[in-house]
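These notes are about the structure you will find just below.
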Amino acid sequence: MFYVGKGCDNRVFAHEQFALGAKRDTELISSEETPQLKVETIQQISSSGRIVGKFIANYGLSESEAFASENTLINYFNTIEGYNLTNIVRGHGERGMWADKLEKIYGYTPMGKADILSDNLILAVKIDDSFHLSDDEDVDYTFNNEDPDNLKCRTLGNWCTDKRKNEDIRYVIGVNKSAKNSVVSAYKVTRYDTKPQKSKTGLRDMSRTRFFTDSRSRDTLDELGLYKRCLQDLKFGSGQSIAYIKASD
């Protein structure tokens with residue numbers, strides 16, 4: 001298996017005819033529609049004395065049904081069977097994924113800030129690419145060894161915070177705003193380190209802050225009642241990457 005296409009009329013034969021030089025001028029196919037890798041694959045099959053097999057999975061479909069079928073097959077062969085298809089366009093819908101990954105991204109229950117199991121000040125930080133980050137928690141990160149691809153590192157710093165509030169922050173939680181404010185990480189703060197930074201207006205005493213922890217994210221999520229939860233009423237200011245949460249607010 002090296003190619004999946006929705007097909008039209010006799011197009012199932014046209015790719016092979018084009019690749020082997022039997023058809024160079026046709027309304028069904030053009031060089032732009034025939035990726036070089038597919039052409040080379042067909043030529044290799046032919047030169048080895050084998051025949052290019054053609055299987056029609058379904059027929060008589062509307063265009064939207066054909067695109068849906070094509071997308072399903074591409075997802076199946078790429079994700080489940082591990083084929084390296086020669087398609088330039090990898091389907092016309094959502095990519096396929098394993099059920100546990102789908103649940104990881106979308107399996108969050110809405111709750112309000114008032115339902116968080118803590119009266120302490122919480123710093124919420126925006127991490128919209130969280131589902132693509134490593135969840136390894138074995139490294140203690142500082143300003144000198146930051147890893148932008150690690151969720152723990154991204155959650156704990158560095159953030160432009162209000163220096164006057166740093167002492168009161170007891171928890172830092174990571175929030176994926178693009179996934180309906182899903183809470184993707186949480187850590188209990190043991191200490192923090194800062195780098196001075198002036199605000200754009202110069203009116204507030206700001207700093208770049210990195211927090212430190214002895215906790216694990218899953219334990220802290222459970223402690224706060226935030227495991228697999230999304231904070232539907234959490235608001236980030238315009239252009240802001242952080243927000244402060246306190247039960248009394």
Side-chain angles (χ1 to χ4, degrees), residues 75 79 90-91 93-143 145-162 165-166 169-190 192 206 208-247 249:
N75 284 335
T79 306
R90 299 290 180 174
E94 293 295 329
R95 295 285 184 89
M97 65 179 71
W98 293 99
D100 56 350
K101 182 177 180 180
L102 189 70
E103 195 275 338
K104 177 181 178 181
I105 297 175
Y106 297 108
Y108 289 78
T109 303
M111 66 178 282
K113 293 184 296 182
D115 296 320
I116 298 175
L117 303 179
S118 174
D119 293 329
N120 294 297
L121 183 63
I122 298 172
L123 177 68
V125 300
K126 192 188 302 183
I127 312 178
D128 285 350
D129 60 344
S130 62
F131 300 123
H132 304 291
L133 303 178
S134 166
D135 57 5
D136 179 79
E137 297 182 286
D138 292 337
V139 178
D140 292 324
Y141 295 98
T142 70
F143 281 117
N145 69 336
E146 293 178 338
D147 181 359
D149 296 319
N150 180 272
L151 182 57
K152 176 186 176 182
C153 181
R154 291 275 295 278
T155 302
L156 293 173
N158 61 55
W159 300 103
C160 189
T161 60
D162 187 335
K165 295 183 177 181
N166 284 345
I169 295 172
R170 292 294 174 267
Y171 299 92
V172 182
I173 64 173
V175 176
N176 192 320
K177 188 173 182 294
S178 63
K180 299 181 179 180
N181 282 350
S182 297
V183 182
V184 295
S185 57
Y187 294 98
K188 192 169 186 175
V189 174
T190 55
Y192 65 90
M206 306 294 290
R208 303 297 301 189
T209 306
R210 170 163 287 285
F211 297 91
F212 297 87
T213 186
D214 292 330
S215 65
R216 310 288 284 185
S217 180
R218 173 59 192 271
D219 294 337
T220 310
L221 288 168
D222 287 337
E223 178 183 338
L224 297 174
L226 287 172
Y227 179 65
K228 301 303 287 186
R229 299 285 185 166
C230 54
L231 295 172
Q232 55 187 355
D233 57 350
L234 176 63
K235 305 293 183 183
F236 290 90
S238 178
Q240 296 297 309
S241 297
I242 66 171
Y244 296 97
I245 303 173
K246 192 168 178 59
D249 292 344

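Keep in mind that what you see is a predicted model, and the values were worked out from it rather than measured.
What you find for L234 and A124 is that their closest heavy atoms are CD2-CB, 4.0 Å. Residues L224 and A186 share a closest heavy-atom pair of CD1-CB, 4.4 Å. Nearest heavy-atom pair, L133 versus P148, reported as atom, atom and distance to 0.1 Å: CD2-O, 3.7 Å. Of all the heavy atoms in Q232 and G112, the pair that sits closest is NE2-N, 4.4 Å. Between L151 and V184 the shortest heavy-atom distance is CD2-O, 3.7 Å. Taking each heavy atom of Y108 and V183 in turn, the nearest pair found is CE2-O, 3.4 Å.
With values rounded to the nearest 0.5 angstrom, D140 atom CG is found 9.0 Å from T213 atom OG1. For the atom pair S182 OG and L226 CG, the distance stands at 11.5 Å (nearest 0.5 Å). Summarising the geometry, atom CZ belonging to F211 is positioned 5.0 Å from atom CG belonging to N166; distances are rounded to the nearest 0.5 Å. Distance OH/Y171 to CD1/I122: 7.5 Å, rounded to 0.5 Å. I116 contributes atom CD1, which lies 11.0 Å from atom CZ of R229 (distance to the nearest 0.5 angstrom). Between R216 atom CZ and Y187 atom OH the span is 7.5 Å, to the nearest 0.5 Å.
Listed for the N120 side chain is no donor-acceptor partner under 3.5 Å among the backbone atoms of R170. The closest donor-acceptor contact from the side chain of D233 to the backbone of K113 lies under 3.5 Å. For S185 (side chain) and I173 (main-chain N/O), no donor-acceptor pair under 3.5 Å exists by modelled atom type. Looking at S215, its side chain does come within 3.5 Å of a backbone N or O of K188 through a donor-acceptor pair.
Sequence neighbours left out, the pairs with a member in residues 124-134 that pass salt bridge (Lys or Arg N to Asp or Glu O under 4.0 Å) are D129-R154.
Taking the ring axis of Y244 as reference, the NZ or CZ atom of K165 stays within 45° of it and closer than 6.0 Å to the ring centre.
Scored by the side-chain contact (heavy atoms from CB on, under 4.5 Å) test, R218 finds D222, Y227 as partners (sequence neighbours excluded). For N150, the side-chain contact (heavy atoms from CB on, under 4.5 Å) partners at least two apart in sequence or on another chain are S134, D136, Y141, D147, K152, C153.
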Test D214 against T190 for side chain to side chain donor-acceptor pair (under 3.5 Å), laying out the working first. CA-CA 7 Å; D214 292 330; T190 55; 4.7 Å; no

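For the pair L123/T209, no side-chain contact is recorded, criterion being any heavy-atom separation below 4.5 Å from C-beta on.
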